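Start at 1 with the first residue, then count along the sequence. Just so you know, these numbers come straight off a predicted model, no measurement behind them. The figures that follow rest on heavy atoms only: side chains count, while hydrogens, waters and symmetry mates do not. Counting starts at 1 for both ligands and their atoms, in listed order.
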Amino acid sequence: MRILVINGPNLNLLGRRQPEVYGTTTLAQIEERLAQRARELDVEVACFQTNHEGEMVDLIQREGERAQGIIINPGAFTHYSYAVRDALESVGRPVVEVHLSNIHAREGFRRRSVVAPIALGQVSGLGWRGYLVALEALVGILREEGA
Ligand code: DQA
């Protein structure tokens with residue numbers, strides 16, 4: 001089983017970007033922890049990061065087809081990118097949306113996610129652990145469905 005993991009704009013700066021909000025763990029460390037948990041679960045994770053909306057759409061189209069499920073932190077695209085939302089919907093794979101911070105407890109514009117209505121679920125506010133929660137849930141759900 002292959003799970004696609006996509007991180008959006010500015011998440012390449014994790015570790016030094018507003019550590020009081022996003023923590024001190026780097027994206028490379030998160031991806032390593034995901035890969036380790038994936039090995040334990042006997043699944044494969046394919047991790048990507050992009051700062052560009054069009055590239056995120058390309059990634060979802062290209063890599064989404066090769067995966068059984070998608071974990072995505074779309075960064076600020078979460079709040080306004082209908083293109084990312086449509087790409088996720090088009091590829092037809094179960095999506096878990098992840099946010100390091102609790103987007104419901106921050107500025108008003110962050111409370112709305114245009115991705116959430118087409119997602120299986122959302123993990124928000126658990127820091128880097130949210131990615132592991134998303135992986136475990138997604139793999140469990142896919143296995144139950146017989147994927
Ligand atoms: C984020 C929350 C978004 O509002 C923000 O634009 C990000 C990161 C999070 O992981 O908490 O870039 O998705």
Peer 1: Give a yes/no on ligand 1: does Asn10 have at least one heavy atom closer than 4.0 angstrom to it?
Peer 2: no

Peer 1: Do Glu97 and Thr78 get their side chains close enough for a donor-acceptor pair, meaning under 3.5 Å?
Peer 2: no

Peer 1: Measure the distance from atom 1 (C) of ligand 1 to every protein heavy atom, then report the residue, atom name and distance (to 0.1 Å) of the closest one.
Peer 2: His99 ND1, 3.7 Å

Peer 1: Less than 4.5 Å apart, any side-chain heavy atom of Ile72 and any of Val98?
Peer 2: no

Peer 1: Same cluster for Val123 and Leu142 if Ile/Leu/Val/Met/Phe/Trp/Tyr side chains link at under 4.5 Å?
Peer 2: yes

Peer 1: Purely on distance, is any nitrogen or oxygen of Leu100 under 3.5 Å from one on ligand 1?
Peer 2: yes

Peer 1: Going by the closest heavy atom to atom 5 (C) of ligand 1, which one wins out of Glu97, Arg110, Glu107?
Peer 2: Arg110

Peer 1: Would you call Glu31 and Arg37 a salt bridge, taking side-chain N to carboxylate O under 4.0 Å as the test?
Peer 2: no

Peer 1: What residue and atom, counting heavy atoms only, is the protein's closest point to atom 11 (O) of ligand 1, and at what distance?
Peer 2: Ser101 OG, 2.6 Å

Peer 1: Looking only at protein heavy atoms, which one is nearest to atom 3 (C) of ligand 1, and how far off is it?
Peer 2: His79 NE2, 3.5 Å

Peer 1: Using distance alone, determine whether Tyr22 and ligand 1 share an N or O pair under 3.5 Å.
Peer 2: no

Peer 1: Please indicate whether any nitrogen or oxygen in Leu11 is less than 3.5 Å from any nitrogen or oxygen in ligand 1.
Peer 2: no

Peer 1: Are any non-hydrogen side-chain atoms of Val5 and Phe48 less than 4.5 angstrom apart?
Peer 2: no

Peer 1: So between Val123, Leu14, Ile103, whose heavy atom ends up nearest atom 2 (C) of ligand 1?
Peer 2: Ile103

Peer 1: Restricting to non-hydrogen atoms, name the atom on Leu14 and the atom on Tyr22 that form the minimum distance, rounded to 0.1 Å.
Peer 2: CD2-CB, 3.7 Å

Peer 1: Arg93 vs Glu65, test: salt bridge (Lys or Arg N to Asp or Glu O under 4.0 Å). Steps then yes/no.
Peer 2: CA-CA 8 Å; Arg93 303 290 188 269; Glu65 300 246 308; 5.4 Å; no

Peer 1: Yes or no: does Gln18 have any heavy atom under 4.0 Å from an atom of ligand 1?
Peer 2: no

